[in-house]
Amino acid sequence: MNIGIFSDTYSPQVNGVVSSILTLEKKLREQGHNVYIFTISHPQAEHDSPYVYRMASLPFIFLKDHRVGIIYSNKAVHKIKRLKLDLILSQTEFSVGIFARMVAKKLEIPIIHTYHTVYEDYMHYISKGVEFSPSIARKYSKSFCNHVDGIVAPTKKTEKLLKSYGVRKPIRIIPTGIDFAPFKPENYDKEEISHLKEVFRIPPNDPIVLFVGRVAKEKSIDVLIKAMPLLLMQIPDAKLVIVGDGPSRLELEELARTLNVRDSVIFTGMQPWSSIGRMYQLGDVFVSASTSETQGLTFAEAMAAALPVVAMEDESIAGFVRDGYNGHLFHNEEELASKLTKVLSDKTHHQVLSENAMHSIKPLSAETFGHNAEAFYHEILQSYHGTHATVKHKKSLKLPFSKRYRKKNKNEPL
């Protein structure tokens with residue numbers, strides 16, 4: 001098939017959506033499909049493959065580290081038409097996602113949308129305190145999803161949420177797979193990790209609690225920092241290393257100062273995707289208090305790096321992060337500090353959690369992801385063409401008799 005992936009976010013950006021797209025793109029190509037990427041221009045984008053098409057974009061006024069594309073481009077439509085796409089995969093609901101729907105309608109081809117983000121958890125960026133903003137996000141998500149032909153939901157939580165919005169289109173739960181190789185500890189030597197610790201001024205033997213992700217309000221990183229005074233009472237040399245950047249960084253740095261734990265909280269800033277696997281090797285345990293995830297790929301990446309996961313209990317990780325098996329669940333700062341203390345101080349327990357974590361990620365292989373995605377795409381294609389063939393037939397039957405006759409016998413005289 002000729003497949004077009006449309007997204008407002010793509011490399012060189014580093015986030016869960018980009019990770020999902022890159023894995024999907026790679027697997028579809030391995031399956032023999034031609035895959036084309038349609039995304040926004042980015043000032044740091046370099047050395048794109050010839051399969052990547054970038055459209056003009058502008059900085060997003062509410063989020064300085066995000067950009068939005070111009071919704072419609074005749075030039076892009078002409079290019080897309082020449083590619084003879086069989087299927088469109090939209091990955092975002094705004095600008096390029098809207099454009100994807102327009103293109104699908106114009107070219108009369110099916111569009112499948114992957115719902116990556118629960119927008120009602122992100123409305124604080126633009127709501128300015130308006131209470132009804134989450135309902136706007138729900139209504140928009142419902143409208144967008146009911147105008148595509150199929151929807152991929154990464155978890156049962158996401159499927160349940162979309163149905164509660166009133167989404168009626170076919171939904172398939174397909175967890176995003178990951179390529180385990182960049183996260184495996186055996187791919188890195190001790191000297192490499194020791195040097196990395198030196199770069200961030202981390203003493204070589206200090207226990208490290210690791211977070212990887214966007215430094216933003218919806219990630220609830222403040223909960224992690226508030227647990228640090230309690231953790232330090234038990235393990236005085238523990239460090240919380242936060243890998244990533246975002247709008248809440250200055251606020252969180254100030255919080256760490258206020259709690260007198262600033263020296264124990266290390267912000268690495270944004271790291272290139274090529275080095276993310278290496279960054280996971282810093283940690284002894286991975287932690288997250290976020291409940292805004294649709295799947296939480298960082299949990300899987302951490303487990304691939306043999307890290308136990310300590311996470312805020314949430315439906316998005318139900319059955320994946322299992323308390324006492326591959327990590328621990330918590331509900332507040334006190335529980336978090338207690339669970340971290342147990343994992344970091346009990347080496348035998350840590351080893352068991354680590355081994356189970358690596359075993360837990362096997363169903364999330366990139367191969368399984370690619371196979372399940374392809375199967376769903378074929379189902380939607382078959383359904384789409386069957387439905388549209390019926391519609392066209394019915395329309396032809398509604399033509400006046402004389403026009404139907406001429407249509408079938410256009411070379412015969414009346």
S.K.: Using a 3.5 Å distance criterion without hydrogens, assess whether the side chain of Gln271 forms a donor-acceptor pair with backbone atoms of Met279.
M.R.: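 The answer is no, because no donor-acceptor pair under 3.5 Å joins these two groups.
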
S.K.: Is it true that a side-chain atom of Arg54 and a backbone atom of Thr39 form a donor plus acceptor pair closer than 3.5 Å?
M.R.: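 Between the backbone of Thr39 and the side chain of Arg54 there is no qualifying donor-acceptor contact (under 3.5 Å).
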
S.K.: Determine the minimum heavy-atom distance between Ala306 and Ser354, stating which atoms define it.
M.R.: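 Looking at all heavy atoms of both residues, the closest pair is O-OG, 2.7 Å.
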
S.K.: Taking side chain to side chain donor-acceptor pair (under 3.5 Å) as the test, write out the residues that go with Asp206, two or more places apart.
M.R.: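 Per chain and number, Asp206 pairs via side chain to side chain donor-acceptor pair (under 3.5 Å) with Lys239.
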
S.K.: Does CD in Gln382 sit with more than 12 non-hydrogen atoms of other residues, nucleotides or ligands closer than 6.0 Å?
M.R.: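 Check fails, neighbour count at 12 or below.
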
S.K.: Quick one, Phe369 and Leu364 - any side-chain contact, counting heavy atoms below 4.5 Å?
M.R.: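 Phe369 does not reach Leu364 side chain to side chain.
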
S.K.: Determine the sole option in Thr114, Ile37, Asp8 for which the side-chain contact (heavy atoms from CB on, under 4.5 Å) test with Gln91 is passed.
M.R.: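 The residue from Thr114, Ile37, Asp8 that satisfies side-chain contact (heavy atoms from CB on, under 4.5 Å) with Gln91 turns out to be Thr114.
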
S.K.: Quick one: which of Val321, Leu336, Val310 gives a side-chain contact (heavy atoms from CB on, under 4.5 Å) with Leu329?
M.R.: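 Going through the options one by one, the only one that passes is Val321.
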
S.K.: Which distance, rounded to the nearest 0.5 Å, do you find between the OG1 of Thr368 and the NE2 of His371?
M.R.: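 NE2 of His371 is found 8.0 Å from OG1 of Thr368.
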
S.K.: Do side-chain atoms of Asn146 reach the backbone of Gly166 as a donor and acceptor pair under 3.5 angstrom?
M.R.: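 Flag set: sc Asn146 to bb Gly166 pair under 3.5 Å.
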
S.K.: Could you go through Ser292 and Ser290, starting from their C-alpha distance and side-chain angles, then the distance that decides it, and tell me whether this counts as side-chain hydrogen bond (donor to acceptor under 3.5 Å, both in side chains)?
M.R.: CA-CA 6 Å; Ser292 65; Ser290 174; 3.1 Å; yes

S.K.: Can you find a pair of side-chain heavy atoms, one from Lys197 and one from Ile208, that are under 4.5 Å apart?
M.R.: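 Sidechains of Ile208 and Lys197: in contact.
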
S.K.: Lys142 vs Lys139, test: side-chain contact (heavy atoms from CB on, under 4.5 Å). Steps then yes/no.
M.R.: CA-CA 5 Å; Lys142 172 186 175 181; Lys139 288 176 182 177; 5.6 Å; no

S.K.: Quick check against the 3.5 Å criterion: does Asn187 have a side-chain atom that pairs as donor or acceptor with the backbone of Ala181?
M.R.: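 Here the side-chain-to-backbone pair exists.
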
S.K.: Return the orientation label for the Phe94 and Tyr140 ring planes: parallel under 30°, perpendicular over 60°, tilted otherwise.
M.R.: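 Taking Tyr140 first and then Phe94, their aromatic rings lie parallel (interplane angle under 30°).
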
S.K.: Under the side-chain contact (heavy atoms from CB on, under 4.5 Å) test, which residues partner Ala289, sequence neighbours left out?
M.R.: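 Ala289 satisfies side-chain contact (heavy atoms from CB on, under 4.5 Å) with Ser220, Val223, Leu224, Met312, Phe330 only.
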
S.K.: Considering all heavy atoms of both residues, which atom of Ile361 and which atom of Met303 are nearest to each other, and what is their separation?
M.R.: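 Closest pair (atom of Ile361, atom of Met303, distance): CG2-CB, 3.4 Å.
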
S.K.: Which pair of heavy atoms, one from Lys157 and one from Asp314, lies closest together, and at what distance?
M.R.: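 Heavy atoms of Lys157 and Asp314 come nearest at NZ-OD2, 2.9 Å.
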
S.K.: Residues two or more places apart in sequence or in another chain: which of them pass ring-ring contact (aromatic ring centres under 6.0 Å, His included) with His359?
M.R.: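 ring-ring contact (aromatic ring centres under 6.0 Å, His included) check on His359 returns nothing, list empty.
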
S.K.: If I take atom CE from residue Met228 and atom CG from residue Leu240, how far apart are they, to the nearest 0.5 angstrom?
M.R.: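 If I round to the nearest 0.5 Å, the distance is 5.5 Å.
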
S.K.: Using a 4.5 Å cut-off on heavy atoms from C-beta on, say whether the side chain of Phe38 contacts that of Lys79.
M.R.: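 In short, these two side chains do not touch, never coming nearer than 4.5 Å.
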
S.K.: Just by distance, do the side chain of Ser194 and the backbone of Lys190 share a donor-acceptor pair under 3.5 Å?
M.R.: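 Such a contact is found between Ser194 side chain and Lys190 backbone.
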
S.K.: Quick one: are Val96 and Ser7 in side-chain contact, heavy atoms under 4.5 Å?
M.R.: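 Val96 does not reach Ser7 side chain to side chain.
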
S.K.: Does Arg249 have any side chain to side chain donor-acceptor pair (under 3.5 Å) partners at least two apart in sequence or in another chain, and if so, which?
M.R.: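 With sequence neighbours excluded, Arg249 shows a side chain to side chain donor-acceptor pair (under 3.5 Å) to Glu253, given in chain and number order.
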
S.K.: Are Ile111 and Phe6 side-chain neighbours, meaning at least one heavy-atom pair lies under 4.5 Å?
M.R.: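 No; the side chains remain at least 4.5 Å from each other.
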
S.K.: Working to the nearest 0.5 Å, report the span between CZ of Phe320 and OG1 of Thr155.
M.R.: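 With rounding to 0.5 Å, CZ (Phe320) is 12.0 Å from OG1 (Thr155).
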
S.K.: Side chain of Tyr10, backbone of Leu22: donor and acceptor closer than 3.5 Å?
M.R.: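 No, Tyr10 side chain to Leu22 backbone: no donor-acceptor pair under 3.5 Å.
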
S.K.: Determine the minimum heavy-atom distance between Ile151 and Cys145, stating which atoms define it.
M.R.: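 Looks like CD1-CB, 3.5 Å.
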
S.K.: Could you walk me through whether Val148 and Ile112 pass side-chain contact (heavy atoms from CB on, under 4.5 Å), step by step?
M.R.: CA-CA 6 Å; Val148 299; Ile112 297 174; over 6 Å; no

S.K.: Run Ser338 and Thr341 through side-chain hydrogen bond (donor to acceptor under 3.5 Å, both in side chains) and show every step you take.
M.R.: CA-CA 5 Å; Ser338 174; Thr341 298; over 6 Å; no

S.K.: Does atom NE2 of His195 have more than 12 heavy-atom neighbours, drawn from other residues, nucleotides or ligands, at distances under 6.0 Å?
M.R.: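 It does not: His195 NE2 has 12 such atoms or fewer within range.
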
S.K.: Just how far is it from atom CG of Leu210 to atom CZ of Phe286, taken to the nearest 0.5 Å?
M.R.: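 Those atoms lie 6.5 Å apart.
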
S.K.: With a 4.5 Å limit on heavy-atom distance, are the side chains of Phe200 and Leu196 in contact?
M.R.: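 When only atoms from C-beta onward are counted, Leu196 and Phe200 do touch, with a gap below 4.5 Å.
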
S.K.: Start with the C-alpha distance between Met102 and Lys105, add both sets of side-chain angles, then the distance that settles side-chain contact (heavy atoms from CB on, under 4.5 Å), and finish with yes or no.
M.R.: CA-CA 5 Å; Met102 292 177 176; Lys105 184 175 182 179; 6.0 Å; no

S.K.: Run the numbers on His328 and Glu335 for side-chain hydrogen bond (donor to acceptor under 3.5 Å, both in side chains), then give the verdict.
M.R.: CA-CA 10 Å; His328 286 288; Glu335 279 191 14; over 6 Å; no

S.K.: How close do Thr268 and Gly244 get, counting heavy atoms only, and between which atoms?
M.R.: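 So the two residues come closest at OG1-N, 3.8 Å.
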
S.K.: Parallel under 30°, tilted from 30 to 60°, perpendicular over 60°: which one fits the rings of Tyr115 and His113?
M.R.: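 Ring orientation, 0 to 90° scale: perpendicular.
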
S.K.: Is the number of heavy atoms from other residues, nucleotides or ligands under 6.0 Å of Arg29 CZ greater than 12?
M.R.: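 Check passes, neighbour count above 12.
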
S.K.: For the residue pair Tyr280 and Phe183, categorise the inter-ring angle as parallel (less than 30°), tilted (30 to 60°) or perpendicular (more than 60°).
M.R.: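 Perpendicular, since the angle between the ring planes exceeds 60°.
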
S.K.: Show me the donor-acceptor pairs, under 3.5 Å and distance only, between side chains in residues 81-89 and residues at least two apart or in other chains.
M.R.:
| residue | atom | partner | partner atom | Å |
| --- | --- | --- | --- | --- |
| Asp86 | OD2 | Asn2 | N | 2.7 |

S.K.: So, the side chain of Arg262 versus the backbone of Val265: is there a donor-acceptor pair under 3.5 Å, distance only?
M.R.: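 Here the side-chain-to-backbone pair exists.
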
S.K.: Would a 4.5 Å heavy-atom cut-off, applied to side chains only, mark Leu161 and Thr158 as touching?
M.R.: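 They are not in side-chain contact.
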
S.K.: State the CD-OG distance between Glu218 and Ser248, to the nearest 0.5 angstrom.
M.R.: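 Going from CD on Glu218 over to OG on Ser248, the span is 7.5 Å.
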
S.K.: Checking Phe376 against Ile380 for the side-chain contact (heavy atoms from CB on, under 4.5 Å) test, could you report, in this order, the C-alpha distance in whole Å, the side-chain angles of both residues, the deciding distance, and whether it holds?
M.R.: CA-CA 6 Å; Phe376 184 51; Ile380 294 298; 3.8 Å; yes

S.K.: Working to the nearest 0.5 Å, report the span between CD of Gln281 and CD of Glu186.
M.R.: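 That separation rounds to 9.0 Å.
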
S.K.: List the atom of Ser360, the atom of Asn326, and the distance in Å for their closest heavy-atom pair.
M.R.: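 Taking every non-hydrogen atom into account, OG-ND2, 2.9 Å.
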
S.K.: Is there a side-chain contact between Ser90 and Phe144, using heavy atoms and a 4.5 Å cut-off?
M.R.: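 Contact flag for Ser90/Phe144 side chains = yes.
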
S.K.: Which residues satisfy the ring-ring contact (aromatic ring centres under 6.0 Å, His included) test with Tyr325, sequence neighbours excluded?
M.R.: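 Listed in chain order: nothing, the list is empty.
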
